[in-house]
Protein chains: 2
Amino acid sequence: MTNQPGIAVSTVIFALREGEGNKGLPALWLPLVRRTREPYLGDWALPGGPLSLEESLADAARRHLASTAGLTPRYLEQLYAFGDLARSGAERVVSIVYWALVGSAEASAAQEGNNVCWFSADELPTLAFDHQRIVDYALWRLRNKVAYAQIAHRLLGETFTLAQLRTVYEAILQRPLDPANFRRYVLARKQLEDTGAVLEGVPNRPPRLYRYVDASREQQPF
Amino acid sequence: MTNQPGIAVSTVIFALREGEGNKGLPALWLPLVRRTREPYLGDWALPGGPLSLEESLADAARRHLASTAGLTPRYLEQLYAFGDLARSGAERVVSIVYWALVGSAEASAAQEGNNVCWFSADELPTLAFDHQRIVDYALWRLRNKVAYAQIAHRLLGETFTLAQLRTVYEAILQRPLDPANFRRYVLARKQLEDTGAVLEGVPNRPPRLYRYVDASREQQPF
DNA sequence: GCAAAAGTGTTGCGACTACACCCATGA
DNA sequence: TCATGGGTGTAGTCGCAACACTTTTGC
């Protein structure tokens, strides 16, 4: 191992911000950090940093989430390893990128400042390196995965109404969903449990609160 | 980048071998390399090696395919980056693993010997490192992807009959498929073109030969 | 003609879509 | 009682599975 590329771990972190999307829907937001050195000095980049010898890849991702934005992910999955020759300026770096979902309570409590700033996922500033391409891919994966896996609830809290869950789907998929059919769709997946409680303080019929239960195995062996 | 893990690129290479599976079906085979140094000296491992500074990840995978087994992949896709602490013995190595499909003509012409040997995918010897887990994951991905993407034909030649393509599916999915329904299924995908030619020298009605055409975009942006 | 595989027709079921409709609550 | 979203019913469409059936070849 005489002369090898460096290894970095970065993460695309998705959270939901209320009422910022089309027609008052929630929208996807993500935190970026401002670069404090060359190359791309002053540009915005994905949170991340070099992989140290004594931590696993996922641990490195989690550590950077906590240290830069004070976040703990509700969902974390490896996205891709980016290793093109020209992607990182003069020195060669292979970036192993993760993507994460954080809950709504935690996202709204997250610190800004400290060179960290949140942006709407479809109105990003100019990004450093190939990070725009990476975000595009992460968005593509998120939209794909939401269509077949039960992960959207991880952008909410512990309990949620079906209407809240539906607006998450609508924000991610960027199209309206029929409330009646959506209800049947998610309930048929057998991953939601009726808590018995209802949401109070709404000006109409109070909706039931549901909780996610992972009865079945995860799809991937990791 | 003072003290960082090393980077290796390895590949799980799948090919089809005729008449080796259940009931004379083809079966999935893959080439392994015998280790010539510690750790795991003498055990079988996935083809691969360290990533050098002047090649991209996919190029490194392709180079190892060519140099160890003399193969050119018909399909190559990144599988996963494995980076657990204890996976590589004393020194820390992150392996970026690809998986590949090679055509039948090329697979049967591939060199054995030279510390390279082909094995049936479900009767592997004891593998070095975490390579058994990697192969399991690659098999899982292959079986999943065959169910929704048109890639099985890449284990055959340029042209093929629908019956040949069906046996590929059957070998991968390990269950019989209805010939009538399979025909309609793949033709409905609009990715096969009738060459006009038929396969001669069979003891019954000669089947048409088809060719793959990629009318639509790839799913992933890479 | 017969065997065997290629290829076509037909039916039924299950999942999703569209949309009509009823229910429960606050104001 | 009305407006509003929660929640249920129902009919049509589409894709696929099952399987009967016809076609085309070698022997």
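Numbered from 1 within each chain, the chains take letters A, B, ... in sequence-line order. Just so we're clear, the structure is a prediction, and the values are computed from it rather than from any experiment.
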**Prompt:** What is the distance, rounded to the nearest whole Å, between atom CG of A:Leu177 and atom C1' of C:dA15?
**Reply:**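 One finds 16 Å between C1' of C:dA15 and CG of A:Leu177, rounded.
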Separation of C:dA6 atom C1' from B:Asp194 atom CG, nearest Å, is 13 Å
Results of ring pair (Phe, Tyr, Trp, His ring centres under 6.0 Å) for B:Phe129 - residues two or more places apart only: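 For B:Phe129 the ring pair (Phe, Tyr, Trp, His ring centres under 6.0 Å) partners, ignoring immediate neighbours, are B:Tyr40, B:His131.
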Those residues at least two apart in sequence (or on a different chain) that pass ring pair (Phe, Tyr, Trp, His ring centres under 6.0 Å) with B:Tyr185 are none
Can you sort out the partners of [X] under side-chain contact (heavy atoms from CB on, under 4.5 Å), two or more places apart, ordered by chain and number?
X: B:Leu85; answer: B:Arg92
X: A:Asp130; answer: A:Phe82, A:Arg87, A:Arg133, A:Ile134
X: A:Glu55; answer: A:Leu51, A:Ser52, A:Asp59, A:Ala60, A:Arg63
X: B:Ala197; answer: B:Thr195, B:Leu209

Margin query: Going 5' to 3' along DNA chain D, between which two nucleotides do contacts with chain A fall, using a heavy-atom cut-off of 4.0 Å?
Written below: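 First-to-last contact on DNA chain D, by the 4.0 Å heavy-atom rule, is D:dT4 to D:dT10.
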With sequence neighbours excluded, residues passing side-chain hydrogen bond (donor to acceptor under 3.5 Å, both in side chains) with [X]:
X: A:Ser120; answer: A:Asp122
X: B:Gln78; answer: B:Tyr98
X: A:Arg205; answer: none

Check nucleotides 7-11 of chain C for protein N or O atoms closer than 3.5 Å to its own N or O atoms and list the pairs.
{"unit_1": "C:dG7", "atom_1": "OP1", "unit_2": "B:Arg208", "atom_2": "N", "d": "3.3"}
{"unit_1": "C:dG7", "atom_1": "OP1", "unit_2": "B:Arg208", "atom_2": "NE", "d": "3.4"}
{"unit_1": "C:dG7", "atom_1": "OP2", "unit_2": "B:Arg183", "atom_2": "NH2", "d": "2.5"}
{"unit_1": "C:dG7", "atom_1": "O5'", "unit_2": "B:Arg183", "atom_2": "NH2", "d": "2.9"}
{"unit_1": "C:dG9", "atom_1": "N7", "unit_2": "B:Arg184", "atom_2": "NH1", "d": "3.1"}
{"unit_1": "C:dG9", "atom_1": "O6", "unit_2": "B:Arg184", "atom_2": "NH1", "d": "3.3"}
{"unit_1": "C:dG9", "atom_1": "O6", "unit_2": "B:Arg184", "atom_2": "NH2", "d": "2.8"}

In terms of side-chain geometry, is the basic nitrogen of B:Glu77 or B:Lys145 positioned less than 4.0 Å from the acidic oxygen of its partner? yes
Just call it for A:Arg175: base, sugar-phosphate, or nothing, with non-hydrogen atoms closer than 4.0 Å on any strand.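 Nothing: the residue A:Arg175, judged by heavy atoms under 4.0 Å, touches no strand.
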Heavy-atom contacts under 4.0 Å between residues 166-174 of chain B and DNA chain D, which residues?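 Contacts with DNA chain D under 4.0 Å: none.
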